[in-house]
Amino acid sequence: MSRQRSMETILTSEFVSIGELVRLTNARYSTLKFYTEEGMLPFEQAEENLTRRYKREETVARILLIKELKTSGLTIQQIKDALNRLTP
């Protein structure tokens, strides 16, 4: 298991792991994994160890938007539709 990166390092990194997204957004790991599996959080696959890497700024903004839409009462399908309209 790799050593946890400092928050300072995470905040200056272009790419982060799902665990680091948990720390940045206070979302649950299982929730972010679900969003990823549903295609709501795009990622890149690192070749060396098949780790999913997320673009930090884009993904944090997307998670915050998902949280906001969820709070306003939208269903997962409605949120997915909204996200698809935003992403070409």
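Numbers here simply count residues along the sequence, with the first being 1.
- Closest non-hydrogen pair, E20 versus F15, comes out as OE1-O, 4.5 Å.
- A salt bridge is absent between E14 and R56; no separation between the charged side-chain nitrogens and carboxylate oxygens falls under 4.0 Å.
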T75 vs Q78, side-chain contact (heavy atoms from CB on, under 4.5 Å): CA-CA, chis, key distance, verdict: CA-CA 5 Å; T75 65; Q78 290 169 324; 3.2 Å; yes
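- Between the side chains of S17 and R5, not a single donor N or O lies within less than 3.5 Å of an accepting N or O.
- Using a 4.5 Å heavy-atom cutoff, the side chains of L41 and I18 are not in contact.
- Residues R52 and E44 are not paired through a salt bridge, judged by the lack of any N-O separation under 4.0 Å between the basic side chain and the carboxylate.
- The distance from atom NZ of K80 to atom CG of L69, rounded to the nearest 0.5 Å, is 14.0 Å.
- Between R62 and E58, none of the side-chain N atoms (NZ, or NE/NH1/NH2) sits under 4.0 Å from a carboxylate O, so this pair counts as no salt bridge.
- In this structure, the side chains of R53 and F43 stay at 4.5 Å or more apart for every pair of heavy atoms.
- Looking at every heavy atom in both residues, V22 comes nearest to A27 through CG1-O, 3.2 Å.
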Test log, rule side-chain contact (heavy atoms from CB on, under 4.5 Å), inputs V60 and Y54: CA-CA 9 Å; V60 167; Y54 301 83; over 6 Å; no
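- In this structure, CG in D81 is found 9.0 Å from CG in L74, a value given to the nearest 0.5 Å.
- The shortest distance between side-chain heavy atoms of M7 and L24 falls below 4.5 Å.
- The neighbour count for E37 CD, taken as heavy atoms of other residues, nucleotides or ligands under 6.0 Å away, is above 12.
- L83 has its side chain within reach of L65: a pair of non-hydrogen atoms, C-beta onward, lies under 4.5 Å apart.
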Check against side-chain contact (heavy atoms from CB on, under 4.5 Å), L32 and Y29: CA-CA 5 Å; L32 297 184; Y29 178 90; over 6 Å; no
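- The distance from the OG1 atom of T71 to the CD atom of E68 is 7.5 Å, given to the nearest 0.5 Å.
- Around atom CD of Q45, more than 12 heavy atoms belonging to other residues, nucleotides or ligands sit under 6.0 Å away.
- With rounding to the nearest 0.5 angstrom, the OG1 atom of T31 is 12.0 Å from the CG atom of N26.
- In this structure, T59 and T25 have side chains that are not in contact, with every pair of non-hydrogen atoms separated by 4.5 Å or more.
- Scanning all heavy atoms of the two residues, the minimum distance from Y35 to K70 falls at OH-CD, 3.8 Å.
- Rounding to the nearest 0.5 angstrom, the gap separating the CD1 atom in I79 from the CD atom in E38 is 11.0 Å.
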